**Student:** 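Structure incoming, see below.
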Number of protein chains: 2
Amino acid sequence: MDIRPILLVVGVLLATLGCAMMIPAIVDLINNSADWQVFASSSAFTLLIGLGLFLSARGIPKSLSIRQAFVMTVTVWITVSGFGALPFYLSGIVPTYTDAYFEALSGLTTTGSTVITGLDDAPTGILLWRGILQWLGGLGVLVMAVAVLPMLQIGGMQIFKVEAFETSDKILPRASQISGSITSIFVVLTFICFLFYLVAGMDVLDATVHAMTTVATGGFSTSDGSLGSFDSMAIDLTASLFMVLGSIPFLLYVQFVGGNPKPLFRDSQVRVFLVVLLVAIVIVWNLERFSGVNPGLFRLVDAIFNVTSIITGTGFATDDYTLWGHGSVAFFFVIMFVGGCAGSTSCGIKIFRFQVLFQDIRQHLHKIIYPNGVFIKKFNGRPLPSSVSTAVMSFFFLFIASFAVSAVALNLTGLDMLTAISAAGTSISNVGPGLGNIIGPAGNFKSLNDPAKWILCITMLVGRLELFTVLVLFFPSFWKN
Amino acid sequence: MDIRPILLVVGVLLATLGCAMMIPAIVDLINNSADWQVFASSSAFTLLIGLGLFLSARGIPKSLSIRQAFVMTVTVWITVSGFGALPFYLSGIVPTYTDAYFEALSGLTTTGSTVITGLDDAPTGILLWRGILQWLGGLGVLVMAVAVLPMLQIGGMQIFKVEAFETSDKILPRASQISGSITSIFVVLTFICFLFYLVAGMDVLDATVHAMTTVATGGFSTSDGSLGSFDSMAIDLTASLFMVLGSIPFLLYVQFVGGNPKPLFRDSQVRVFLVVLLVAIVIVWNLERFSGVNPGLFRLVDAIFNVTSIITGTGFATDDYTLWGHGSVAFFFVIMFVGGCAGSTSCGIKIFRFQVLFQDIRQHLHKIIYPNGVFIKKFNGRPLPSSVSTAVMSFFFLFIASFAVSAVALNLTGLDMLTAISAAGTSISNVGPGLGNIIGPAGNFKSLNDPAKWILCITMLVGRLELFTVLVLFFPSFWKN
């Protein structure tokens, strides 16, 4: 395999990351924070390596084989996280490189699990860098979803390839053009979110960081208490709105802006997503009734915010929702896996896969009852190819299997059962907080042991790359001839 | 829908159950235990209802439509459990009918979760009745697996229909004949197990009850300490051997006895099952090393026994294996779902489904790497029809979904998270013990609240009937015209 095209892409992205590091460097320099040197030197080093890789691989053919595309995707995420971790490590805000890597990967995968405490007093540059990492990660996910994954036929995502490229109105035929449009929309959405947060009462730094981590459904905050420390319904509802907007397929926004608003309002995945969200909110709002507590209207806002935060895989919290009466622990654990729509920044199993699974089960039940009947599965009004069903079902099995392996491995490092299974679940779905006293919504991943942190890094990466992208590399046939 | 054929079958089975109740009645009468009246009156009542149903439905056509077969299967298990619970309720060994029903259903589904404490001092008749229930349940499962489920195309079990009825050597063409052969083999296997237990040092009652609950992979014992109270390696290894024998497809024994031993030794499901078992035993045996404890040879016997007990869904215990070092809780939780082979008395996801799932994933990964390649999926040397893949994958998704719903519902009744998820897992897989202080291997289901017990009853039934049999009844199309 010719690795030069891979080095080229890694080089370009590292150079971009190096440039992005200059932003916190400049902000820290203006604020007279000594940390500016950390960012400046990280930036210089990253730029140097990035440009070096770029120059060494210049002039080679830019087309990628499918196998190269797989290796590239995985390499990019691992390498960029490695360099993104430098400012955390060099600034001393985390004690080890393991912690720094965990924080950077958690940021870039838009997971939002953190090992840093004392955020409220942390240097501006560090807070900004955490926001930038999640924002770049979110953008990376969006571009990957339209430009890379459909080509690789990952886990059923190929149905969106069909939709994006073969519609009769061919809005934007090429992947790179679509990526450009998506980037613009992502920038605009972030800016609107920033304005909303400002109006709701945040200062410029808080609004900037939270806008970046909300639209990317990431969940990093500028406070140990997450958004709960602002104690503002306006902020909670703003966050809820933009977490939902970040969980909708960005291609629909591209069509909307391009003068075709129908798909956005008629997309079955979006509709099912909103219904699922609504039902989950109503359930959580009423969970306390089972324990004899009458939830007020304030609790409705809490329910809206926290349910949206978990289902979209963002991971902000206002409260330890696991204390909201019986059933809340298990319920929040289950909705952790749901995820938003494909082609958005959210992760998890994703709504379209549940739609495909339900179609398959419906068809199967029909066949059981009417063995000679004929039933056609549909998705968004079109017939559903059986290859997509197989892909989705294989994805579901591998998702559960990866989750189980991760949970057992974490338990083996000494984590208690609840911490182990919720950490595995929150990582593979890229949500953020887990359950229990240690890593719950009121907790932090800092105290976990190093092997557990590395296991979680692998789990976050596997989840973010839709499993197959990583697992295919462990398949012997992949490396043959 | 004509319900008379259903009443006929229920009637016959209730009459059989009534006859079976005479055995503990006679034993208690010989032992001068006042409980004989409980069994005699339960027997009379059950016989009366059974014969009444039988007579009222006599003379009607005995053929069943597919829809009738579904309703019949579910009705049979619910009704027989209801009558099987009578002796527990009337004897006063349990305080409520809920507890009695739970115990009977747990017995008949070969789950083995118990709400009775003080087994060591319990009347002989009760101990015997628990054994008989599991033995009858095991036999019912075996007959259902060859005679009913393949016809209903349940969850991929139809591949065994093909194997049983369409082999070139057509060993026994009709389902009723096969059922007869399987019953004989089940009786003989139980008797051999009984002799082994006697030789290993059990008295006649213990050997009888344990032989019935071992071969049925049920797990009811005559002691609160389960087999651990015998503290005998010979007994542990005997139990391990017969739990394995009870988890192998009984059709293979039929062929073996009929002079065709090859299928038993060449069956891929059996081979994979034994390999999975072996690997799990070696892992568990070595788990303590991670905590710095050197496991001796004695621990190997413990590992063999307890891993076999959980994977086969039996649920005997010698020890609280969740204390065997880090990782043991999560690992035992995961292997709870594995199960034995299809067409045996064991439950859970079952080995053949994992084989089908792995074939599908292999094919899918191949297609990702070589989009134009052609790959044929095989099971046991034959091509695997894609309808089986869909059935297996739908089964897997519904299994996980049912487990999650059950866990949330249990958590909602007030059970802590570990108790809730392990109770849901142990019920849907019909294993027996859960995890944690309450329902763990050293615990008991007695203290759970009544709603939790009914949720567990539903979960055990759904798991035992391979999900679809129950869930299809909630599908509106089932009841149309």
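Scope of the values below: all heavy atoms of this structure, side chains included, with no hydrogens, waters or symmetry mates. Order of the sequence lines fixes the chain letters, A, B, ..., with proteins taken first and strands second; residue numbering starts at 1 for each chain. All of these numbers come straight from a predicted model, not from anything done at the bench.
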**Student:** Would you say B/Asp2 has more than 12 foreign heavy atoms packed within less than 6.0 Å of its CG?
**Tutor:** yes

**Student:** What is the minimum heavy-atom distance between B/Ala330 and A/Ala407, and which atoms define it?
**Tutor:** CB-O, 4.1 Å

**Student:** Please examine the side chains of A/Leu287 and B/Leu412, heavy atoms only from C-beta on, and report whether any two atoms are closer than 4.5 Å.
**Tutor:** yes

**Student:** Which bit of A/Leu357 comes within less than 4.5 Å of chain B, counting heavy atoms only: side chain, backbone, both or neither?
**Tutor:** side chain

**Student:** By a 4.5 Å heavy-atom criterion (distance strictly below it), what part of A/Phe331 contacts chain B: side chain, backbone, both, or neither?
**Tutor:** both

**Student:** Any donor-acceptor pair under 3.5 Å linking the side chain of A/Tyr370 with the backbone of B/Ser477?
**Tutor:** yes

**Student:** Could you pull out all residues at least two apart from A/Asp360 that satisfy side-chain hydrogen bond (donor to acceptor under 3.5 Å, both in side chains)?
**Tutor:** A/Lys377, A/Ser389

**Student:** Between A/Ser328 and chain B, which part of the residue has a heavy atom less than 4.5 Å away: side chain, backbone, both or neither?
**Tutor:** backbone

**Student:** Could you grab the distance from atom CD1 of B/Ile369 to atom CG of A/Leu473, nearest 0.5 Å is fine?
**Tutor:** 9.0 Å

**Student:** Counting heavy-atom pairs under 4.5 Å with chain A, which one of B/Leu471, B/Ile361, B/Ile400 comes out on top?
**Tutor:** B/Ile361

**Student:** Please give me the minimum heavy-atom distance between A/Met417 and B/Leu418, naming the atom from each residue.
**Tutor:** CG-CD1, 3.3 Å

**Student:** What do you reckon, are the aromatic ring centroids of A/Phe395 and B/His364 less than 6.0 Å apart?
**Tutor:** no

**Student:** Among all residues two or more places apart in sequence or in another chain, which pass the ring pair (Phe, Tyr, Trp, His ring centres under 6.0 Å) test with B/Phe397?
**Tutor:** A/Phe358, A/Phe396

**Student:** Taking side chain as everything from C-beta outward and backbone as N, CA, C, O, which of these in B/Val334 sits under 4.5 Å from a heavy atom of chain A? Side chain, backbone, both or neither.
**Tutor:** side chain

**Student:** Heavy-atom cut-off 4.5 Å, strictly under: side chain, backbone, both or neither for A/Phe354 against chain B?
**Tutor:** side chain

**Student:** Counting only heavy atoms closer than 4.5 Å, note whether A/Leu435 contacts chain B via side chain, backbone, both or neither.
**Tutor:** side chain

**Student:** For a quick test of reading the model, state the closest non-hydrogen atom pair linking A/Asn411 to B/Val329 and the distance between them.
**Tutor:** OD1-N, 3.6 Å

**Student:** Between A/Phe333 and chain B, which part of the residue has a heavy atom less than 4.5 Å away: side chain, backbone, both or neither?
**Tutor:** side chain

**Student:** Rounded to the nearest 0.5 Å, what separates atom NZ in B/Lys367 from atom OG in A/Ser394?
**Tutor:** 10.0 Å

**Student:** Of all heavy-atom pairs between B/Leu365 and A/Phe468, which one has the smallest distance, and what is that distance?
**Tutor:** CD2-CD2, 3.7 Å

**Student:** Less than 4.5 Å to any heavy atom of chain B: does that hold for the side chain of A/Ile421, its backbone, both, or neither?
**Tutor:** side chain

**Student:** Between A/Gln363, A/Met393, A/His366, who has the most heavy-atom pairs with chain B when the cutoff is under 4.5 Å?
**Tutor:** A/Met393

**Student:** CG of B/Asn449: more than 12 outside heavy atoms within 6.0 angstrom?
**Tutor:** yes

